[in-house]
Structures are given as C-alpha cells and as structure tokens.
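By convention here, the first residue in the shown sequence is residue 1. Predicted model only: the values in this text are computed from it and were never measured.
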Amino acid sequence: MEEVMNKRQDDDTEVDEKKGKKSWKYDKEIVKLQVELAHLQAWVKKSGARIVIIFEGRDAAGKGGMIKRITERVSPRVFRVIALPAPTDREKTQMYMQRYIAHMPAAGEIVIFDRSWYNRPGVDRVMGFCSEKKARRFLELAPGFEASIVESGITLLKYFLTVGEEEQDRRFRRRIDDPLRQWKLSPMDVESYQRWWDYTVAYDEMIRATDRQHAPWWIVPSDDKKRARINCISHILKSIPYETMKFNAPDLGKRQKRPAAYVEDKSIRRFVPDVVAEQMQ
C-alpha cells in the first residue's frame with residue numbers, strides 16, 4: 001500500500017510540480033471562487049432563485065472534479081447534485097424528460113446535473129440504447145423544452161468539457177494503475193475510448209442542434225483541469241446576477257454552568273483505537 005501511495009499523484013499535485021510557484025495562485029483563486037459561491041448560495045436562499053447547471057462532456061474530461069470544487073464548501077441542501085443511474089424498467093416507459101423534470105429546483109435551490117437529458121443524443125445514441133429516429137427527434141425538441149425551463153424563471157447554464165485524445169488516454173491509464181481511481185473506469189468508459197470519433201460526430205451534432213440564445217452551450221477546454229475549474233466557476237458566477245448578502249452574526253451568549261447535581265457517567269465507553277499514536281511509537 002505504501003508503494004502505491006508513493007507512486008500515486010493527484011492531478012493537482014502533478015500540475016503543481018510542473019508550474020512551481022504558480023501553483024499557489026490556483027489554490028488562492030479556487031478559495032476566492034468558493035467564497036463567492038458561498039455568497040451566491042446566501043443570495044439564492046434569500047431571493048428564492050432557481051438555477052440549473054448542466055455538465056456534459058467527454059469521459060475523463062474532469063466533470064466530477066469540477067462539481068466537487070463547486071460543492072465542497074457549500075450546503076448540499078442548496079447545491080443539489082443529480083447523477084442519475086440507468087433508467088429503471090418503469091422509467092423506460094415514461095416520457096424521456098419525465099425523470100429529469102422531477103429534479104428541477106424549487107425556490108432557493110441550485111441543481112447541478114452530472115450528465116443530463118443529453119444522454120440521449122450522446123451515449124444512448126452512440127451505444128444503440130435508443131434509435132436514430134428518437135435521437136434526432138430529441139435534438140428537435142430539446143431547445144423548446146429548455147425554452148420552457150427558462151421561461152418559468154429558472155436560470156439554465158450548460159457546460160461541455162472537452163479533453164484531447166492524448167490527455168484522455170493518459171487519464172484512463174492512470175485509472176487502470178491507481179486503486180483509488182479504478183472505480184472511475186467503467187465498461188462504458190472503455191467503449192467511449194474506443195469510439196472516440198463516433199462520440200465526436202454525435203457531440204458535434206448535439207451542440208450544433210441545441211445551442212440557442214436562451215440556452216447556449218459553453219465549451220470548457222479541460223486538458224488542464226485547474227485552468228478549466230477556474231475558468232468555468234468564474235463564468236458561472238459572472239452569469240448569475242447575485243448580490244453579497246450581509247451576514248448577521250449570532251450572539252452566542254454564555255454557556256450554562258455545570259449543574260451541581262451532575263454526576264459524570266462511569267459506564268464503559270468504546271473509543272476508536274488511536275492508530276496515529278501507534279504509528280508514532
């Protein structure tokens with residue numbers, strides 16, 4: 001295990017070594033943006049705004065890492081991440097959009113779709129999970145569906161993360177070698193690796209057919225994950241006219257005094273072993 005940990009490098013650490021002192025700029029910038037995301041959260045709660053953010057893109061383009069940086073310092077009650085599994089037998093009999101509509105935000109919520117209804121013209125189409133006719137019909141209907149979302153007062157942002165062939169190859173091979181990343185490599189990822197050009201054609205048509213003024217696609221080059229995160233989160237914040245809400249600090253008051261009649265409980269308690277102390281011996 002120690003050998004594996006020594007061999008393993010996080011994407012952030014690897015970029016840090018390449019960029020030297022400049023790596024500190026990323027750390028500072030991501031914290032600044034996360035502070036602004038906290039301000040956005042407070043404004044969304046107070047104003048009752050409803051926001052939907054869609055993340056699509058190539059496999060291994062960094063969607064998970066992007067979403068993690070957005071959500072790691074905010075409340076999951078406000079920032080809800082939706083990553084739907086394959087549809088159940090029951091859901092397969094419903095209208096295609098039905099299970100996505102169920103996750104639309106209520107007042108004071110931001111919903112982030114880690115992949116979305118765009119599965120249909122992407123993976124479903126390439127892998128043969130839907131017919132070509134259904135995929136093309138989706139491309140015809142999607143702009144109208146998204147127009148209805150926007151007209152209802154929801155802010156809709158759509159991001160497509162791109163990654164080059166060589167960089168995707170490198171990331172897939174790292175997943176194979178790293179036990180902490182192997183869970184990320186699914187049979188569908190292998191298929192997407194082998195069918196690079198099938199997905200390229202499908203994604204090109206998807207973006208061309210569904211890029212509209214009311215719901216444009218924003219492309220995020222992601223060969224450099226850190227740059228992609230800074231650029232994308234900055235764009236999200238600039239796309240929403242939020243205001244910084246004044247924080248009313250609560251008065252904590254004073255703790256109550258220990259009751260004179262309190263007797264410390266002497267029953268047996270089970271404490272987790274202090275493995276750190278053992279390792280330091």
S.K.: Would you mind checking if Arg171 and Glu167 are paired as a salt bridge, meaning a charged N to carboxylate O distance below 4.0 Å?
M.R.: yes
S.K.: Would you call Glu191 and Arg195 a salt bridge, using N to O less than 4.0 angstrom?
M.R.: yes
S.K.: Check whether any side-chain heavy atom of Tyr193 lies under 4.5 Å from a side-chain heavy atom of Asp169, and answer yes or no.
M.R.: yes
S.K.: When you look at Met97 and Leu141, which way does the side-chain contact (heavy atoms from CB on, under 4.5 Å) test go after all the steps?
M.R.: CA-CA 10 Å; Met97 296 294 191; Leu141 297 176; over 6 Å; no
S.K.: Can you list the steps and then say if Ser222 with Tyr159 is a side-chain contact (heavy atoms from CB on, under 4.5 Å)?
M.R.: CA-CA 11 Å; Ser222 301; Tyr159 295 98; over 6 Å; no
S.K.: Using side chain to side chain contact (heavy atoms under 4.5 Å, CB included) as the criterion, list what pairs up with Arg269, not counting sequence neighbours.
M.R.: Asp265, Ser267, Phe271
S.K.: Are any of the side-chain heavy atoms of Asp89 and Lys92 separated by less than 4.5 Å?
M.R.: yes
S.K.: So do Met104 and Ile149 actually touch side chain to side chain, heavy atoms under 4.5 Å?
M.R.: yes
S.K.: Let me confirm one number: the CG-NE2 distance from Leu237 to His39, rounded to the nearest 0.5 Å.
M.R.: 10.5 Å
S.K.: Test of understanding: clusters of I, L, V, M, F, W, Y form through side-chain heavy atoms closer than 4.5 Å, transitively. Do Val52 and Ile67 belong to the same one?
M.R.: no
S.K.: Could you tell me whether the side chain of Leu33 reaches within less than 4.5 Å of the side chain of Ser234, counting heavy atoms only?
M.R.: yes
S.K.: Quick check: does any side chain N or O of Gln34 sit under 3.5 Å from a backbone N or O of Arg69, one acting as donor and the other as acceptor?
M.R.: yes
S.K.: With sequence neighbours left out, write down each residue that passes side-chain hydrogen bond (donor to acceptor under 3.5 Å, both in side chains) with Asp198, or none if nothing qualifies.
M.R.: none
S.K.: For residues Ile82 and Val78: do they belong to one hydrophobic cluster (side chain heavy atoms under 4.5 Å, members Ile, Leu, Val, Met, Phe, Trp, Tyr)?
M.R.: no
S.K.: Report the distance from atom NE2 of His214 to atom CG of Asp211, rounding to the nearest 0.5 Å.
M.R.: 9.5 Å
S.K.: More than 12 heavy atoms of other residues, nucleotides or ligands under 6.0 Å from NZ of Lys184: yes or no?
M.R.: yes
S.K.: Is any side-chain heavy atom of Phe55 closer than 4.5 Å to one of Cys232?
M.R.: yes
S.K.: Lys158: what forms a side chain to side chain contact (heavy atoms under 4.5 Å, CB included) with it, not counting sequence neighbours?
M.R.: Ile54, Tyr118, Glu146, Leu156, Thr210, Ala215, Trp217
S.K.: Write out all pairs satisfying side chain to side chain donor-acceptor pair (under 3.5 Å) with one or both partners inside residues 98-114, taking only residues at least two apart or from two chains.
M.R.: Arg80-Glu109, Glu91-Arg99
S.K.: Do the side chains of Lys238 and His235 get nearer than 4.5 Å, heavy atoms only?
M.R.: no
S.K.: Output the distance between atom CD1 (Ile230) and atom NZ (Lys225), rounded to the nearest 0.5 Å.
M.R.: 14.5 Å
S.K.: Does a sphere of radius 6.0 Å around CZ in Arg115 hold more than 12 heavy atoms from other residues, nucleotides or ligands, not counting ones at 6.0 Å or beyond?
M.R.: yes
S.K.: Same cluster or not: are Ile154 and Phe145 linked, directly or through other Ile, Leu, Val, Met, Phe, Trp or Tyr residues, by side-chain heavy atoms under 4.5 angstrom apart?
M.R.: yes
S.K.: When you measure from the side chain of Arg50 to the backbone N and O of Val44, does any donor-acceptor pair fall under 3.5 Å?
M.R.: no
S.K.: Just verifying a value: how many Å separate Glu243 CD and Ser47 OG, rounded to the nearest 0.5 Å?
M.R.: 9.0 Å
S.K.: Nearest 0.5 Å, what's the CD1-OG1 distance between Ile236 and Thr155?
M.R.: 12.0 Å
S.K.: Would you mind listing every side chain to side chain donor-acceptor pair (under 3.5 Å) that reaches into residues 272-281, with sequence neighbours excluded?
M.R.: none
S.K.: Pro121 and side-chain contact (heavy atoms from CB on, under 4.5 Å): which single residue from Glu56, Met206, Lys134 fits?
M.R.: Met206
S.K.: Under 3.5 Å, is there a donor-acceptor pair between the side chain of Tyr96 and the main chain of Trp117?
M.R.: yes
S.K.: Are Tyr242 and Lys46 close enough that some pair of their side-chain heavy atoms sits under 4.5 Å apart?
M.R.: no
S.K.: Consider only side-chain N and O atoms of Arg58 and Tyr203, and report whether a donor and an acceptor are under 3.5 Å apart.
M.R.: no
S.K.: Which is it for Val74 and Ile110 under the side-chain contact (heavy atoms from CB on, under 4.5 Å) test, yes or no, and what are the steps along the way?
M.R.: CA-CA 11 Å; Val74 291; Ile110 299 174; over 6 Å; no
S.K.: Should we count CD of Gln213 as having more than 12 external heavy atoms under 6.0 Å?
M.R.: no
S.K.: Output the distance between atom CD1 (Ile207) and atom CH2 (Trp218), rounded to the nearest 0.5 Å.
M.R.: 13.0 Å
S.K.: Got a sec, which pairs hit salt bridge (Lys or Arg N to Asp or Glu O under 4.0 Å) with one end in residues 121-131, sequence neighbours left out?
M.R.: Arg125-Glu132, Arg125-Glu205
S.K.: Flag the pair Leu185 / Arg181 as yes when at least one side-chain heavy-atom distance between them is below 4.5 Å, and no otherwise.
M.R.: no
S.K.: When you measure from the side chain of Asn231 to the backbone N and O of Ala228, does any donor-acceptor pair fall under 3.5 Å?
M.R.: no
S.K.: Got more than 12 heavy atoms from elsewhere within 6.0 Å of CH2, Trp43?
M.R.: yes
S.K.: Going only through I, L, V, M, F, W and Y residues with side-chain contacts under 4.5 Å, is there a path from Val220 to Tyr199?
M.R.: no
S.K.: In the single-linkage hydrophobic clustering (I, L, V, M, F, W, Y; side-chain heavy atoms under 4.5 Å), do Leu139 and Ile219 co-cluster?
M.R.: yes
S.K.: I'd like to know if the side chain of Gln41 reaches the main chain of Phe79, judged simply by a donor and an acceptor atom lying under 3.5 Å from each other, with no hydrogens or angles considered.
M.R.: no
S.K.: Specify the closest pair of heavy atoms between Pro105 and Ile51, including all atoms of both residues, with the distance to one decimal.
M.R.: CG-O, 3.8 Å
